[in-house]
Amino acid sequence: CSYEFNSIKRLIHKGYSPIQPKPNPNSTPNQLQSTLFNTKETPMKKFTHLALAAALTAAGAGVATSASAQASEQFFPQLTYRTGAYAAYGIPWSNGKVDYIKLINARDGGINGVKLTYEECETAYATDRGVECYERLKNRPGVAVVDPLATGITFALTEKTAVDKIPLMTQGYGLSISQDGNAFQWNFPFLGSYWTAADILIQHLGKQAGGLDKLKGKKIAYVYHDSPYGKDAIPLLEKRAQMHGFTLQMMPVTAPGVEQKSTWLQVRQNRPDYVLLWGWGVMNSTALKEAQATGFPREKIYSIWWGGTEPAVRDVGDSAKGFNALSLYAHGTQSKVMQDILKLVHDPKQGTGPRDEVGNVLYVHGVITQMLAIEAVRVAQEKFGKGKVMTGEQVRWGMENLKLDAKRLKELGFDGVMQPLATNCANHMGSSSARVYAWDGKDWKYTSDWYQADKTVLDPLIKEHGDKYLADKKIARRADCK
């Protein structure tokens, strides 16, 4: 039994989805053959999560992951990318999410007695595969919320989830204007967006320069992932450039970002005062290596939180010293929640990934993400019935009524990990706080206090772009939120 469990677990950690591709009924014979007999298929794709659940239970995991979840179980679909160019980011993020589910089942017996289940589906960060995974998992009994882990997939699912009445959760990523709950009833970009990140970084650069007015005449290069993710922040940066008189130099990088020599030669030629880096996956470490090769000071590079991760600097080491990034939360294993995960999940050998990744930046992101989803279910139960499985509509209500103050965060074991969060029907973000930290060659060290995104700048822009989105889609603002 131990051998079978470990074999299955190893295959999952390599990124294999338990979902077999579903043949298109309109496929040609050749296409059908390609779907059913793809050379990338492995034996793992023939397993159902029912078999995995049996293996986990036999191994003492205590976590049900059956594909056919019963009515007494709350189901959390897990769209993952354990393969491909972005796997170094997707793996710890997903591991943190799944480990927190395991913790809640092991420590608390679920949510008021309701066991939590999950199933992974591999997207490889591809939008089409992400949509396919969503379509496969959305009808599972007890589905609570979907978290795509990718901006492109988020854009593709925004209208679908509204029709299906399933909350779309995007912590620190996704569609920035969706924080407006009046316009986007089903989207929840908890803790921050690309717009709040860009706004806070400009605030920080202004403070470093001696005031926002001192940015006039400065040159800021925006080196960004040429995808919906990288493009989303542009309206906010253009607005800030107009307000403060700095020149914004646009430098898109073709995904996945392994070729950046021409970009950093352009940086050297243009000699910007600062570089804002909007990278993902290998793009971040490649950017730092190219900055070193061209002699651009790393202390003048400022990244969104996705650059402030271990994979971004691991292979660069001392050459990344001085590199700055935003941070949404504290990392490390000192918090109670991380200690509980180590004791109740990893000590019994039920950890989803290696023990030494617990507390890493992306792992913590995953833990927080899953905690917010689970707390939304808990809040929904308070209104609609303790010990009951919540529907997507009920979970959406819970997400709109999250109140995680300092006392509640301490009860959950997140004391000192994150800032308090409070949502309502109009505010689907809950918090827009971030700090700046810098890489010292071994770890991230904080160099600022908490910033808040400037509502006087963001709110009119969100309203403007939200109205345009709704007009284009012929959707009316909701009438039940005052």
Side-chain angles (χ1 to χ4, degrees), residues 89-101 103-104 147 149 169-174 179 188-201 203-204 280 284 302-313 323-342 357-376 399 402-423 428-439 443-453:
Y89 282 57
I91 290 172
W93 190 350
S94 293
N95 288 350
K97 292 177 65 180
V98 173
D99 276 359
Y100 192 74
I101 290 176
L103 173 67
I104 296 303
D147 174 25
L149 272 65
M169 178 178 172
T170 58
Q171 183 195 324
Y173 71 97
Q179 73 177 79
F188 292 87
F190 288 138
L191 294 184
S193 70
Y194 305 139
W195 285 16
T196 64
D199 185 79
I200 288 172
L201 281 177
Q203 289 186 52
H204 183 70
W280 184 237
N284 288 319
Y302 291 80
S303 172
I304 188 172
W305 35 77
W306 302 125
T309 62
E310 290 83 7
V313 295
F323 170 52
N324 305 278
L326 286 177
S327 169
L328 291 171
Y329 42 77
H331 62 290
T333 59
Q334 66 276 12
S335 64
K336 184 180 185 300
V337 66
M338 295 301 154
Q339 289 298 311
D340 283 352
I341 289 173
L342 288 170
E357 80 174 357
V358 177
N360 284 358
V361 175
L362 289 164
Y363 181 93
V364 174
H365 195 97
V367 170
I368 293 174
T369 299
Q370 196 61 54
M371 179 273 285
L372 294 173
I374 287 172
E375 287 308 297
M399 287 187 160
L402 271 182
K403 301 291 184 289
L404 299 178
D405 57 14
K407 179 182 177 182
R408 180 57 181 157
L409 288 173
K410 186 173 182 178
E411 290 171 351
L412 292 170
F414 287 82
D415 185 32
V417 176
M418 58 178 283
Q419 292 288 91
L421 175 148
T423 59
H428 279 196
M429 184 173 288
S431 172
S432 64
S433 305
R435 291 183 288 181
V436 178
Y437 55 18
W439 181 250
D443 200 359
W444 297 99
K445 303 296 183 182
Y446 286 101
T447 59
S448 83
D449 292 326
W450 290 100
Y451 286 95
Q452 300 285 333

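Just so you know, these numbers use all the heavy atoms, side chains as well, and skip hydrogens, waters and symmetry mates.
- At a threshold of 4.5 Å between non-hydrogen side-chain atoms, the residues Pro92 and Asn360 do not count as touching.
- Residues Gly359 and Met338 come closest through the heavy atom pair N-SD, 4.1 Å.
- Distance check: Gln370 CD to Asp99 CG gives 10.5 Å after rounding to the nearest 0.5 Å.
- The CG atom of Leu404 sits 9.5 Å away from the CZ atom of Phe414 when rounded to the nearest 0.5 Å.
- A distance of 9.0 Å separates NZ of Lys403 from CG of Leu421, quoted to the nearest 0.5 Å.
- Tyr437 and Tyr446 have tilted rings, their planes meeting at an angle from 30° to 60° on a 0 to 90° scale.
- Across all non-hydrogen atoms, the minimal contact from Ser94 to Leu149 is OG-CD2, 3.6 Å.
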One pair to check against side-chain contact (heavy atoms from CB on, under 4.5 Å): Leu191 and His365. What are the steps and the verdict? CA-CA 11 Å; Leu191 294 184; His365 195 97; over 6 Å; no
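- Across all non-hydrogen atoms, the minimal contact from Ile200 to Ala434 is CD1-CB, 3.8 Å.
- Evaluation of the salt bridge (Lys or Arg N to Asp or Glu O under 4.0 Å) rule for Asp199 yields Arg240 as partners, not counting sequence neighbours.
- Side-chain atoms of Thr423 come within 3.5 Å of backbone atoms of Leu402 as a donor-acceptor pair (strictly under, hydrogens ignored).
- Between the Tyr100 side chain and the Val364 main chain, no donor and acceptor come within less than 3.5 Å of each other.
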Output, in order, the C-alpha distance, side-chain angles, deciding distance and verdict of side-chain contact (heavy atoms from CB on, under 4.5 Å) for Tyr363 and Trp93. CA-CA 5 Å; Tyr363 181 93; Trp93 190 350; over 6 Å; no
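- Between Val367 and Gly96, the shortest heavy-atom distance links the atoms CG2-O, 3.4 Å.
- Taking the salt bridge (Lys or Arg N to Asp or Glu O under 4.0 Å) definition, one finds that Lys410 meets it with nothing, sequence neighbours left out.
- How far CG of Asn324 is from OH of Tyr302: 4.5 Å, rounded to the nearest 0.5 Å.
- Between the CG atom of Asp449 and the OG atom of Ser433 there is a distance of 11.5 Å, given to the nearest 0.5 Å.
- Going from atom CE of Met429 over to atom OG1 of Thr170 covers 8.0 Å, rounded to the nearest 0.5 Å.
- Annotation: side-chain hydrogen bond (donor to acceptor under 3.5 Å, both in side chains) contacts involving residues 303-313, sequence neighbours excluded, comprise Tyr89-Thr309.
- In terms of the side chain to side chain contact (heavy atoms under 4.5 Å, CB included) criterion, residue partners of Trp439 (sequence neighbours excluded) are, by chain and number, Val313, Ala320, Trp444.
- Of the possible donor and acceptor atoms, none in the side chain of His204 sits under 3.5 Å from a partner among the backbone N and O of Leu326.
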Dump the intermediate steps for side-chain contact (heavy atoms from CB on, under 4.5 Å) on Gln171 and Asp147, then the final yes or no. CA-CA 8 Å; Gln171 183 195 324; Asp147 174 25; 6.0 Å; no
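- The shortest distance between side-chain heavy atoms of Gln339 and Thr333 falls below 4.5 Å.
- Not counting sequence neighbours, the partners of Lys336 by the side-chain hydrogen bond (donor to acceptor under 3.5 Å, both in side chains) test are Asp340.
- Contacts of Gln334 classified as side chain to side chain contact (heavy atoms under 4.5 Å, CB included), with partners at least two apart in sequence or in another chain: none.
- Between the side chain of Gln203 and the backbone N or O of Gln452 there is at least one donor-acceptor pair closer than 3.5 Å.
- Annotation for Ala312 and Gly307: closest pair CB-O, 3.2 Å, computed over non-hydrogen atoms.
- The two atoms that bring Trp450 and Leu328 nearest to each other are CH2-O, 3.7 Å, heavy atoms only.
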